[in-house]
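Here's the structure, in structure tokens; my notes come after.
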Amino acid sequence: MDSFSSPSSGSSSSQFSTEDFMDQLKTQLAQAYAEEFLETVRGKCFEKCITKPGSSLSGSESSCISRCVERYIEATGIISRAMFSAPR
Amino acid sequence: MDGSALNSAELQRLISQEKERAMVNEMVAKLTSACWDKCITGTPGSKFSSSESTCLANCAQRYMDMSIIIMKRFQSMQ
């Protein structure tokens, strides 16, 4: 059970509760999801915005990257809503 | 709550819920990636054109339609 022990749970009890476990699980799932999302965005925006790598990032490459990140987040919302709207 | 709660039906239910949420997130992520490639052909702008946003929404819905067809076809082969 040592792999489940949580030194920062704040509880003085040595027992590990369901709530502690679920908190850790949710945190780790959220972290894994965030890392995967970032990796995807990096790939997409590199492909769209850095077509000929120069010796530094140009202003247009930087603004392309900013827009790309915003658009990708927006796309995620569009897909998410479309998936759960009424099918025809 | 004591240590034996880790084997309870309640915990299993909570874990199932999280697993389902994770699967939904994964599906949205995969679909967004695929539909982005299909629909966003040029350089990203400061907003989507209406054809781009329509394409994205269509893409997700057609994928769901396709999933149903595939499942039905697969089931009819059992």
Side-chain angles (χ1 to χ4, degrees), chain A residues 1 3-5 9 11 13-30 32-41 43-45 47-51 60-61 63-88, chain B residues 1-69 71:
Chain A
M1 288 299 179
S3 57
F4 291 113
S5 65
S9 67
S11 165
S13 161
S14 60
Q15 290 174 337
F16 191 78
S17 70
T18 296
E19 193 183 329
D20 290 334
F21 177 81
M22 289 309 297
D23 282 348
Q24 276 200 18
L25 177 63
K26 288 183 199 191
T27 299
Q28 292 193 15
L29 283 172
Y33 176 79
E35 281 173 26
E36 187 186 321
F37 182 79
L38 281 176
E39 182 54 37
T40 303
V41 170
K44 300 300 186 193
C45 297
E47 189 195 316
K48 289 284 184 201
C49 296
I50 319 281
T51 42
S60 71
E61 284 170 330
S63 26
C64 179
I65 291 164
S66 292
R67 295 190 311 262
C68 176
V69 174
E70 280 173 17
R71 298 288 74 69
Y72 198 84
I73 291 169
E74 196 181 337
T76 302
I78 293 173
I79 300 291
S80 183
R81 284 188 297 276
M83 269 175 66
F84 300 109
S85 60
R88 288 173 311 155
Chain B
M1 300 245 184
D2 60 298
S4 68
L6 285 169
N7 291 320
S8 72
E10 170 68 3
L11 181 64
Q12 294 308 313
R13 191 185 64 83
L14 289 170
I15 289 174
S16 271
Q17 259 180 16
E18 283 311 309
K19 182 175 162 186
E20 195 163 322
R21 263 182 216 127
M23 282 168 60
V24 168
N25 283 346
E26 192 61 28
M27 168 154 249
V28 170
K30 256 188 4 191
L31 247 191
T32 305
S33 174
C35 294
W36 174 274
D37 291 343
K38 286 191 191 296
C39 295
I40 313 303
T41 45
T43 309
S46 15
K47 61 188 176 90
F48 283 134
S49 69
S50 70
S51 74
E52 283 170 326
S53 47
T54 304
C55 179
L56 287 169
N58 286 344
C59 179
Q61 287 175 340
R62 297 299 72 72
Y63 185 91
M64 302 306 275
D65 291 344
M66 179 197 71
S67 284
I68 292 169
I69 291 174
M71 223 164 41

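Throughout, a chain's letter reflects where its sequence line sits, starting with A, and its residues are numbered from 1.
- For the 3.5 Å distance criterion, the side chains of B:S53 and A:E74 fail to qualify, holding no donor opposite an acceptor.
- Counting heavy-atom pairs closer than 4.5 Å to chain A, the top residue among B:N58, B:V28, B:I15, B:V24 is B:V28.
- Take A:E35 and apply the salt bridge (charged side-chain N to carboxylate O under 4.0 Å, His left out) test, not counting sequence neighbours, and it matches no residue.
- Heavy-atom distances place the side chain of B:E26, and not its backbone, under 4.5 Å from chain A.
- Among the candidates B:M27, B:M64, B:R21, B:K47, the residue making the largest number of heavy-atom pairs closer than 4.5 Å to chain A is B:K47.
- With a threshold of 4.5 angstrom between heavy atoms, A:M83 approaches chain B through its backbone and through its side chain.
- Between chain A and the residues B:S33, B:A60, B:A57, the largest count of heavy-atom pairs under 4.5 Å involves B:S33.
- Contacts of B:T41 with chain A are made by backbone atoms alone, with heavy-atom separations under 4.5 Å and no side-chain atom involved.
- Under the 2.5 Å SG-SG cutoff, B:C59 and B:C35 qualify as a close cysteine pair.
- For A:K44, the salt bridge (charged side-chain N to carboxylate O under 4.0 Å, His left out) partners at least two apart in sequence or on another chain are B:D37.
- Relative ring orientation between A:F37 and A:Y72 is described as tilted, the plane-to-plane angle lying within the 30° to 60° band.
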